[in-house]
Amino acid sequence: MRIFDPHIHMSSRTTDDYERMHAAGVRALVEPAFWLGQPRTSVGSFVDYFDGLVGWEPFRAAQFGIRHHCTMALNPKEAGDPRCRPVLELLPRYLEKDGVVAVGEVGYDSMTPEEDEVFAHQLALAVDHDLPVLVHTPHRDKAAGTRRSLDVVRESGIAPERVVIDHLNEVTVGLVADSGCWMGFSIYPDTKMDEDRMVAILREHGTERMLVNSAADWGRSDPLKTRRTGEAMLAGGFTDADVDQVLWHNPVAFYGQSGRLVLDVPGEPTDSGALFAGNSVLRGGRA
Amino acid sequence: MTHDEMTHDQTVARDGAREALLSALEPHLSPGAAGWLSEARERIAAAPEAAATALPAVGRRCGRGPLRAEGTGWDGWSVDDAARVVLLLELPCTGDALAARLTDLYRYGDAAERRGVLRALAVLDAELGDGALPLVHDALRTNDTRLVAAALGPYGGARLADHAWRQAVLKCVFVGVPLAVVDGLARRADAELARMMADYARERTAAGRDVPPDVAGFLDPPTAGTRSPESPESPDQKV
Ligand SMILES: [Zn+2]
């Protein structure tokens with residue numbers, strides 16, 4: 001099973017996870033910029049975080065045979081914090097980087113006027129930089145948040161096929177299916193969304209424009225939920241080709257719109273990025 | 001370094017490096033890539049801020065494969081490394097202004113851009129003086145082998161103080177950067193570096209682990225502290 005996890009926060013995960021993910025078939029992933037579980041108090045924290053997303057983390061992933069890409073944005077949870085607002089001025093520079101394949105995560109947390117402004121501003125940045133967009137939907141008041149997100153996307157003028165609305169469930173999937181946007185599902189080890197319900201949604205709505213991710217981060221989560229969903233699809237009567245479409249071709253098609261995906265195998269001769277691949281992390285080198 | 005005009009020698013150095021790099025790049029670039037590179041050069045020469053958007057685009061525009069340039073001093077360079085250096089040679093400033101510009105590009109660069117900036121330091125050495133040394137120190141603080149290796153090119157090799165340089169060489173052994181990429185290893189290797197390598201070898205042996213071949217090169221014969229793997233007979237070592 002060949003897997004592209006379109007939403008996973010690897011900076012919060014260990015090398016054991018990279019090993020298990022590779023063994024499970026994960027060969028590529030996208031790490032969206034998000035919050036850290038506690039508020040950042042200065043722009044410098046974001047700069048260092050962004051540097052990691054285009055520096056150390058892709059290097060670390062490559063040691064385990066996995067291609068790492070990322071999305072960048074001022075996330076909804078910190079969009080209302082005036083200390084973080086100047087991040088918007090830094091973003092144009094980072095949105096030009098090779099490994100950045102979308103603007104995200106953007107969207108709503110508490111649906112405040114500040115969040116409206118930051119969301120609309122970043123949709124405009126996506127148009128300027130010719131990048132797709134990853135939209136986070138709030139966990140609280142999800143249906144209203146999803147509807148309002150779709151309105152803002154429509155007003156921005158960005159093409160719906162360049163937008164994924166993420167963290168959907170049975171209640172919100174229909175709204176997004178009708179909008180022309182891509183549908184993202186985060187499969188968690190708790191009750192928010194699980195692999196069997198995902199299979200039921202795929203049966204009802206088909207496999208097109210569908211992205212399945214683990215959204216694994218520093219919270220209770222499981223980086224192998226993509227694999228588990230593939231297995232549940234097969235057990236539920238889907239074919240290998242259906243699984244390959246959902247877990248590989250769909251994320252490649254969506255993020256491929258950036259023109260910046262690199263899907264060769266890290267460490268192969270064509271890969272100049274890791275001339276001495278397989279060392280500093282694998283050997284535990286802590287020099 | 002506060003001058004803002006390049007000297008004749010400095011201009012000649014840039015021209016020579018640019019010409020050599022462009023000819024090494026030629027077989028690697030499609031007509032589209034070559035066209036993009038020459039436009040980007042013009043943009044940067046006219047307005048150095050343009051480097052901030054040109055540098056990150058180099059990999060996807062020009063490619064990232066290994067540069068075929070044996071015997072040129074660019075062993076281990078990639079096509080994007082060479083193309084980035086070509087672009088940086090267009091920066092219309094020198095001295096402190098050049099160091100400040102390179103520092104900004106490094107600070108906000110991804111790993112590949114940072115490596116490109118580090119690669120450029122050797123050509124611009126005479127213009128920069130020690131002005132770009134903080135970038136070398138930053139790269140040596142990382143655990144990214146691509147940056148550690150590039151930091152030990154001719155600029156770092158010539159300008160790092162003895163202690164920092166020895167620590168950097170030992171770090172290469174730890175993180176798996178082959179010592180062959182350390183510029184001027186034979187010239188700078190000294191008794192203190194040999195002692196550090198010998199201590200490291202003793203630690204490995206005590207732990208029942210093998211001694212990396214690069215380290216073994218320093219231990220033959222085991223007590224000869226001033227030998228180095230690159231040039232075992234080299235007489236002119238700093239002590
Ligand atoms: Zn997330």
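Numbered from 1 within each chain, the chains take letters A, B, ... in sequence-line order. The basis for the numbers below is simple: all heavy atoms, side chains too, and nothing from hydrogens, waters or symmetry mates. Please read these numbers as outputs of a predicted model, since none were measured by experiment.
One side chain, A:R13 or A:S221, offers a donor N or O that lies under 3.5 Å from an acceptor on the other. Judged purely by distance below 3.5 Å, without hydrogens or angles, the side chains of A:N75 and A:H136 never pair a donor atom with an acceptor atom. No hydrogens or angles considered: a donor-acceptor pair under 3.5 Å links the side chains of B:R115 and B:S78.
The number of heavy atoms from other shown groups lying within 6.0 Å of CZ (A:R20) is above 12.
The parts of A:D98 that come within reach of chain B are both its backbone and its side chain, each placing non-hydrogen atoms under 4.5 angstrom from that chain. Of the two parts of A:Y94, only the side chain, counted from C-beta on, holds a non-hydrogen atom closer than 4.5 Å to a non-hydrogen atom of chain B. Residue contact with chain A, scored on non-hydrogen atoms closer than 4.5 Å, is absent for B:A112. Contacts of B:R107 with chain A are made by both backbone and side-chain atoms, with heavy-atom separations under 4.5 Å. Looking at A:L90, the atoms closer than 4.5 Å to chain B (heavy atoms on both sides) all sit in the side chain, from C-beta outward. Contact annotation for A:V100: neither backbone nor side-chain heavy atoms come within less than 4.5 Å of a heavy atom of chain B. For a residue to count as touching a neighbouring chain, one of its non-hydrogen atoms must lie under 4.5 Å from one of that chain's; by this rule B:Q167 does not touch chain A.
Between A:D264 and B:R64, no side-chain nitrogen of the basic residue sits less than 4.0 Å from a carboxylate oxygen of the acidic one, so the salt-bridge criterion is not met.
Of the listed residues B:P56, B:G109, B:G63, the one with more heavy-atom pairs under 4.5 angstrom with chain A than any other is B:P56.
The only option from A:V246, A:L261, A:T226, A:N250 that meets the side chain to side chain contact (heavy atoms under 4.5 Å, CB included) definition with A:F4 turns out to be A:L261.
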